[in-house]
Amino acid sequence: MKNSGISKPTDYKTILNEVIAALARIIDVRDTYTSNHSIRVAEGSSMLASRLGYSKKETELVYRAGILHDIGKIGVPEEIINKQGNLSKEEFESIKIHTVLGYHILSGISWDPRIAEAAKYHHEKYNGTGYPNGLTGNNIPEIARIIALADAYDAMSSTRPYRTAMPLKYIKEEIEKNLGKQFDPVFGKAFIELLDEGKLPGTKKHQKKILIVDDEPINVEILKKMISADHSLDVFYCSTGNDAINLVKTGYFDLLLLDIYMPDMNGFEVYRQIKKINENIPAIFLTADKTKNTIDTANEFGVVEYLTKPYAQEIVLAVIHAMLSKKPHLNNDYEIIEE
Amino acid sequence: MLDNEAFKIAGIDYENGLERCLGDESLYTRLLGMFKDDNAFERLTTALDRGDITDAFECAHALKGVAVNLGMNTLFEADSELVNALRGDGDLNKARELYTSVKESYSKVMDALKYI
């Protein structure tokens with residue numbers, strides 16, 4: 001079997017998509033507590049764009065701009081980005097710089113200047129109290145007004161080191177209160193519609209479904225505890241390979257955590273059979289075994305990640321998010337470059 | 001309340017085990033209770049008596065994963081050596097020898113857990 005089983009792309013569109021996704025991961029990896037923030041903002045922004053009647057191609061542009069909107073954070077010191085607690089005035093000033101830095105990083109992309117504009121203006125507020133330039137109303141580029149909503153929504157709906165995710169009802173009220181103040185009133189109303197419909201990332205429907213397959217209940221309990229602390233993930237488990245195969249048939253799960261040694265069949269065999277049902281479902285193997293032989297076998301099955309015991313929560317969550325974000329995000333039906 | 005002194009004697013790293021449970025003491029206690037009821041060690045014993053290397057390997061391996069997750073370091077170390085001896089074709093004589101120290105660590109752990 002080939003490693004990963006996915007053939008290497010040769011067309012420039014796919015390559016560009018992968019490069020953009022890799023750039024997004026650079027940002028998200030640095031910002032420990034907001035893993036996959038860029039991707040969720042891209043998803044929320046493009047949903048809003050589509051709701052506002054944007055064409056497919058324009059929606060795709062919004063997605064890309066959403067993915068890259070925070071790239072300027074690369075120039076902000078890590079200890080400030082990950083600081084728990086209130087920022088001093090100076091620290092806040094240095095965070096603000098990420099908008100301008102992002103603009104200059106992205107302004108080299110000549111095929112659409114709006115990608116750079118989105119990075120620069122996504123913290124502007126409709127009433128002119130935002131940064132970096134204090135633009136008002138329709139002077140703020142449309143794409144930045146869209147991303148501002150998805151960005152604020154994701155900040156509120158994600159769990160941070162100093163607080164858990166806020167309830168949807170509260171988030172909705174916050175957006176409503178700020179129509180015409182922080183947010184574009186028309187775009188804001190459309191965004192609330194999406195929120196009401198449960199279509200936004202971070203809502204229960206959009207939680208990623210993780211299936212643990214392990215016959216050892218103690219280890220399952222520990223993993224459940226670690227994973228369920230992350231509100232973007234919903235965790236399920238079963239204890240036999242056969243159950244896992246039947247559960248995957250439902251098409252409900254986004255990621256498997258597979259124990260290697262189980263009584264009915266080993267994890268590798270389970271995954272081999274599961275791949276026949278759903279070729280693309282990623283898996284992370286669970287093992288107390290760190291021998292090269294086991295790791296090589298995992299690689300042969302196209303498994304690029306495994307977790308060793310004892311589990312550490314940071315590593316468990318980082319690996320899960322990394323595997324989830326490996327799934328292709330960008331739809332190749334779209335043309336990137338204007339003809 | 002868990003007995004820290006007894007844990008030390010049994011080679012259980014309380015802080016470490018609790019960390020696996022994200023500081024949730026009631027979860028840790030519950031999982032230690034599950035460990036007490038688990039029969040992997042008994043199955044390991046009978047598998048070795050029978051000379052069933054495959055079964056012994058699976059039991060020792062399961063025990064190893066749970067032990068390390070619960071912070072039972074001494075048991076984990078002893079059991080890891082046993083797992084290695086049972087790997088592949090396995091060396092039954094060596095395994096039986098190593099089993100003695102697994103048994104010893106296991107008894108100490110069970111002793112520390114008797115009030116749970």
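Within every chain, numbering begins at 1; the chains are lettered A, B, ... in the order of the sequence lines, protein sequences first and strands thereafter.
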Find the one option among L22(B), L70(B), L27(B) whose heavy-atom pairs under 4.5 Å with chain A are most numerous.
->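 Result: the option with the highest number of such pairs is L22(B).
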Look at E58(B), K64(B), H61(B) and state which one has the largest set of heavy-atom pairs under 4.5 Å with chain A.
->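 So the answer, after comparing E58(B), K64(B), H61(B), is H61(B).
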Name the orientation class of the two ring planes belonging to Y14(B) and F7(B) (parallel below 30°, tilted from 30 to 60°, perpendicular beyond 60°).
->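 Perpendicular: the ring planes of Y14(B) and F7(B) meet at over 60°.
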Bottom line for Y311(A): the part with an atom under 4.5 Å from chain B's heavy atoms is both
Can the ring centroids of F41(B) and Y99(B) be said to lie less than 6.0 angstrom from one another?
-> yes
Please confirm whether K209(A) makes a cation-pi placement over Y252(A), using NZ or CZ under 6.0 Å from the six-membered ring centre and within 45° of the ring normal.
->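 K209(A) over Y252(A) ring: yes.
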With rounding to the nearest 0.5 Å, note down the distance linking OG1 in T287(A) to CD1 in I260(A).
->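 Between T287(A) OG1 and I260(A) CD1, I get 4.0 Å after rounding to 0.5 Å.
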Identify which part of [X] has an atom lying under 4.5 Å from any heavy atom of chain A, answering side chain, backbone, both or neither.
{"X": "N84(B)", "result": "neither"}
{"X": "F35(B)", "result": "both"}
{"X": "L31(B)", "result": "both"}

V316(A) versus I227(A): any side-chain heavy-atom pair under 4.5 Å?
->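 Yes; the side chains approach each other to less than 4.5 Å.
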